[in-house]
Amino acid sequence: MHINFSQFNSLIALVDYFNTEDKCKAAIAQQRWGEDNAVCPYCGSTHCHQCKDGRYICKGCQCKFSVTVGTIFENTKLSLRKWFMAMYLVSSTKKGVSSHQLARDLAITQKTAWFILHKIRGLYGITDETVLAGEVEMDEMYLGGRETNKHESKKVEGTQGRSTKTKTPIFGMLERDGKVVAMKVDNTQGKTLMPIVSQFVEEGSTTYTDEASIYNNLTKNGYEHLFVNHGKREYVRSSDIHTNGIEGFWAHFKRVVFSTYHMVSKDYLQRYIDEQLYRWNTREESASYRFHDMFNKAVKRFDYNDVLSLSTVVDTDLRTLKLKLYYLWYMHNKVA
Ligand SMILES: [Zn+2]
């Protein structure tokens, strides 16, 4: 039985279809293994068969495993139906869902809602393969501190006024008519930001920034660099030279963070950024596409290629880390 995800274009369509836990498990199995046999997560063998209790047993290593092992649903006490609904609500709403709202919608405790929201947010994240090209706007934004001082601080040359003691800096890059990449950074010095630009923006692209000296090295690094001089009131020197796109994203981000989440802890800030980036970057997609995409991320297990890119991935998600370490340990023992 093949499940077509494009049918889930409304919450009721999803809820009607996934009316039992078994159907949820079948969807996870399909997403993980397609029409093929289950694959043992411990030894990679495809000689597995399903037991009466729905779990699988591997003929290779005799291990027993469930369809959710290695997914975000592993060892969960919450029903899969509620997980699927939560994922649908998070992926389909424009602004996101607060833990209080989700707790009411799913009749769960706020603590549980908070926990699964963070698990779901951990699925987002910029992939290393993201490349911005063409015309790219860049800007920094500071969260926290005194908002009233912000515009003033942008006028000040250098790093003065960009104190990160009370404010958390976020650096963003927006490809015009394309995607946005943004991340929490320790500081907004040129030497911190340049490697990020080099990683995500194709050489030869035209970059648009404000006049801050932190962007002085863009030309040296192979980019065309045009900037707006806020201090001299040259807000728009030519109709193309502006950073309105990325500033629009910041405005959207702040609206969401303050209206839906009220406040965001510094430790989890990147997850909120990732969630909003995902919304922004998939704004043209349908609700069913976004749910399917999220579902795919939720059931995806790491593989050997993920281990190879371990050093380049900024990944603090404990589940993924745990699995990668386990995989390394496993590979080591297998070879030895
Ligand atoms: Zn096995």
Side-chain angles (χ1 to χ4, degrees), residues 1-5 8 14 17-88 91 112 115-116 118-125 127-129 291-336:
M1 179 187 57
H2 182 80
I3 302 162
N4 179 9
F5 277 77
F8 304 130
L14 183 94
Y17 184 86
F18 291 111
N19 54 3
T20 64
E21 290 295 288
D22 282 345
K23 276 192 179 172
C24 299
K25 284 180 185 162
I28 297 171
Q30 174 184 308
Q31 196 67 37
R32 292 185 71 167
W33 304 310
E35 307 298 320
D36 302 329
N37 281 341
V39 181
C40 173
Y42 305 108
C43 73
S45 166
T46 52
H47 295 284
C48 304
H49 72 256
Q50 208 166 0
C51 312
K52 277 188 187 132
D53 63 359
R55 299 175 77 205
Y56 298 84
I57 189 149
C58 169
K59 283 180 187 162
C61 67
Q62 306 302 320
C63 282
K64 224 176 163 188
F65 59 94
S66 82
V67 71
T68 57
V69 62
T71 71
I72 66 164
F73 315 113
E74 185 175 356
N75 294 329
T76 187
K77 287 188 176 71
L78 194 70
S79 74
L80 292 170
R81 294 181 64 223
K82 289 192 175 184
W83 269 102
F84 285 20
M85 279 183 239
M87 285 162 59
Y88 197 90
S91 66
T112 306
F115 172 78
I116 64 174
H118 273 273
K119 285 276 223 180
I120 290 171
R121 273 186 208 111
L123 300 174
Y124 300 126
T127 62
D128 282 356
E129 300 91 61
F291 175 73
H292 193 186
D293 186 54
M294 185 189 273
F295 188 69
N296 189 22
K297 290 182 168 77
V299 306
K300 192 177 180 286
R301 277 180 54 85
F302 67 94
D303 58 24
Y304 187 60
N305 289 328
D306 291 331
V307 177
L308 290 179
S309 65
L310 183 62
S311 56
T312 58
V313 175
V314 186
D315 195 344
T316 50
D317 182 57
L318 271 178
R319 173 185 69 97
T320 320
L321 202 61
K322 197 176 85 183
L323 288 168
K324 281 172 179 171
L325 286 173
Y326 171 76
Y327 192 80
L328 283 173
W329 171 84
Y330 169 75
M331 289 302 284
H332 172 81
N333 283 290
K334 194 182 176 188
V335 173

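Just follow the structure's listing: the first ligand is 1, and inside any ligand the first atom is 1. Since the model is a prediction, treat every value here as computed from it, not as a measurement. Counting begins at 1 with the first residue of the sequence.
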Minimum heavy-atom distance Lys119-Trp83, with the two atoms named: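 Taking Lys119 first and Trp83 second, the nearest heavy atoms are CB-CH2, 4.0 Å.
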Sidechain-backbone polar pair: Tyr88 side chain, Phe8 backbone, donor-acceptor under 3.5 Å: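 Confirmed, Tyr88 side chain pairs with Phe8 backbone.
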Aromatic ring proximity Phe295/Phe5, centre distance under 6.0 Å: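 Yes; Phe5 has its ring centre under 6.0 Å from that of Phe295.
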N/O/S from Cys40 sitting under 2.8 Å away from the Zn ion (ligand 1):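 So Cys40 does bind the Zn ion (ligand 1) by this criterion.
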2.8 Å cut-off met by an N, O or S atom of Cys63 to the Zn ion (ligand 1):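 Cys63 does not place any N, O or S atom closer than 2.8 Å to the Zn ion (ligand 1).
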Opening angle between SG in Cys61 and SG in Cys43, taken at the Zn ion (ligand 1), to 10 degrees: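 Between SG of Cys61 and SG of Cys43, at the Zn ion (ligand 1), the angle is about 110°.
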Separation of Lys82 NZ from Thr112 OG1 (nearest 0.5 Å):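 Rounded to the nearest 0.5 Å, the OG1-NZ separation comes out at 9.0 Å.
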